[in-house]
There are 2 protein chains.
Amino acid sequence: MGTRERIVEAAYRCFSQKGYLGATTREIARLAGVSEVTLFRYFKSKRELFEKVLKKFSVIPDIERISAESSLPPEEKLRKVAKEILLSLKGKRNFIRILLSEVSLYEEEIAEIYEKFIERLDSIVAQILKTDKETARLFHSSLFGYFLSEEIFLRREINEKEAKEVINKLVEIFTGCRSEKNC
Amino acid sequence: MGTRERIVEAAYRCFSQKGYLGATTREIARLAGVSEVTLFRYFKSKRELFEKVLKKFSVIPDIERISAESSLPPEEKLRKVAKEILLSLKGKRNFIRILLSEVSLYEEEIAEIYEKFIERLDSIVAQILKTDKETARLFHSSLFGYFLSEEIFLRREINEKEAKEVINKLVEIFTGCRSEKNC
DNA sequence: TCCTTAAGTAAGTACTTACTTGCATTATTA
DNA sequence: TAATAATGCAAGTAAGTACTTACTTAAGGA
């Protein structure tokens with residue numbers, strides 16, 4: 001891994017633990033195993049480094065693929081999409097912490113990232129559920145709220161069993177359709 | 001309003017806009033119309049002031065009252081509870097911003113505040129819905145997620161009409177019961 | 001062998017921040 | 001009116017922080 005990458009990686013960890021203001025360039029450099037001078041040779045400011053971190057880690061999960069598998073019944077699709085979303089949220093837990101902690105400092109950037117994210121989800125979920133976008137938004141807001149509650153606020157990891165149960169329940173509630181059978 | 005209160009009030013506004021580290025004691029004092037020296041006469045440190053702010057604004061909405069009105073049909077109760085929760089979230093939007101922005105710095109304090117909050121909600125909603133606590137948690141996670149999405153991330157205010165629609169939809173989804181009629 | 005590139009070290013600059021001290025001033029109260 | 005309490009002002013301290021400069025070292029390729 002190149003020096004540049006190592007710095008971004010370290011910054012990512014540092015920002016997600018301490019927030020933008022709390023993280024110091026000195027510690028980021030130390031974590032990257034690099035001198036502070038080197039850090040500033042690669043990035044002209046802390047803010048620039050922060051922006052690189054945002055860009056690198058704000059990848060949106062690939063749910064189009066799932067929704068395209070037309071052979072599946074809608075509930076099954078929805079379950080898969082939900083699983084993918086939840087997994088992706090879990091994988092980016094630290095990144096989400098950064099977003100949350102800087103929500104007041106970087107309003108526009110964060111709103112933009114988030115908007116892209118939910119726009120895609122909205123339309124895909126709406127298509128699967130064959131309902132309006134409002135219901136679709138409620139569906140993934142529910143997932144999102146559940147994830148934030150458990151993993152961010154309560155600091156509890158959602159295990160696979162719980163995830164499955166919650167997803168089944170959500171899908172059941174939103175489709176009016178029980179467990180694994182088609183309706 | 002006494003000096004002490006004015007300081008806490010100003011700190012509240014300042015913290016919610018800039019986060020704990022971003023807010024300076026100088027600005028808080030200025031906002032309170034008080035000298036910085038006075039601020040430190042009342043609170044021995046910035047952290048102590050922050051803790052007072054947390055305590056003062058972490059009041060939980062009074063939903064027991066609603067759930068006790070036994071005359072109402074459960075869907076109606078649920079709607080009222082949801083409305084109360086959403087209103088309370090909206091009213092404390094700034095406070096929630098503080099919580100979010102310091103989620104990494106004050107893990108235990110925030111987890112504690114949040115835990116109290118959802119524990120009560122869980123049991124009340126479960127009682128009304130007559131289901132398990134998991135479903136109840138999903139119900140208010142949905143509300144919570146929706147609120148965070150719109151008001152915190154997208155910076156859009158949820159107006160009364162939207163709130164009503166979302167609540168109706170949620171109640172409908174979770175009870176399998178349409179609009180304002182009993183089922 | 002010489003030159004270029006990537007990195008480190010040491011030191012420092014300019015600025016901010018939480019927090020303090022000493023003294024003067026104003027308002028309150030006895 | 002005299003004493004007491006609450007506040008402001010000016011100035012300062014100690015520590016931290018982003019960022020810079022000047023110089024050195026090590027490695028690899030031509």
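In what follows, every chain begins at residue 1, and chains take the letters A, B, ... in the order their sequences are listed.
- The pair A:Glu76-A:Arg79 meets the salt-bridge criterion, with a side-chain N (NZ, NE, NH1 or NH2) lying under 4.0 Å from an Asp/Glu carboxylate O.
- Proximity of B:Leu49 to B:Tyr42: side-chain heavy atoms (C-beta onward) are nowhere separated by under 4.5 Å.
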Sugar-phosphate or base contact per nucleotide [nucleotides 20-26 of chain D; S, B, -; heavy atom under 4.0 Å]: BB-----
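- Using a 4.0 Å heavy-atom distance criterion, A:Gly33 is classed as a sugar-phosphate-only contact.
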Stepwise ring pair (Phe, Tyr, Trp, His ring centres under 6.0 Å) check, B:Phe144 with A:Phe153: CA-CA 12 Å; B:Phe144 189 54; A:Phe153 287 97; 5.7 Å; yes
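- Residue A:Ala29 is classed as having no contact, given no heavy-atom separation below 4.0 Å to the nucleic acid.
- For B:Glu51 and B:Arg47, the salt-bridge test passes: some basic side-chain N is under 4.0 Å from an acidic carboxylate O.
- Between A:Phe57 and A:Tyr12, the ring planes lie parallel to each other; the angle is under 30°, not in the 30° to 60° tilted range.
- Atom CZ of A:Arg26 and atom C1' of D:dA18 are 10 Å apart (whole Å).
- A pairwise comparison of heavy atoms in A:Ala126 and A:Ala136 identifies N-CB, 3.6 Å as the closest pair.
- For the pair B:Thr38 and D:dT7, the criterion of a side-chain N or O lying under 4.0 Å from OP1 or OP2 is not met.
- With A:Phe43 as the aromatic partner, A:Arg4 meets the cation-pi criteria of under 6.0 angstrom to the ring centre and within 45 degrees of the ring axis.
- For the pair A:Lys46 (side chain) and A:Tyr20 (backbone), a donor-acceptor distance under 3.5 Å is present.
- The residue B:Thr24 sits close only to the backbone: its heavy atoms come under 4.0 Å of sugar-phosphate atoms, none of a base.
- At a non-hydrogen distance threshold of 4.0 Å, nothing from residues 2-19 of chain A comes into contact with DNA chain D.
- If you take CZ of A:Arg30 and P of C:dG8, they are 14 Å apart, rounded to a whole angstrom.
- In this entry the distance linking NZ of B:Lys46 with P of D:dA15 reads 18 Å, nearest Å.
- Atom-to-atom, OH of A:Tyr20 to P of D:dT17 comes out at 13 Å; the value is rounded to the nearest Å.
- Taking CG of B:Leu100 as the start and CZ of A:Arg97 as the end, the distance is 12.0 Å to the nearest 0.5 Å.
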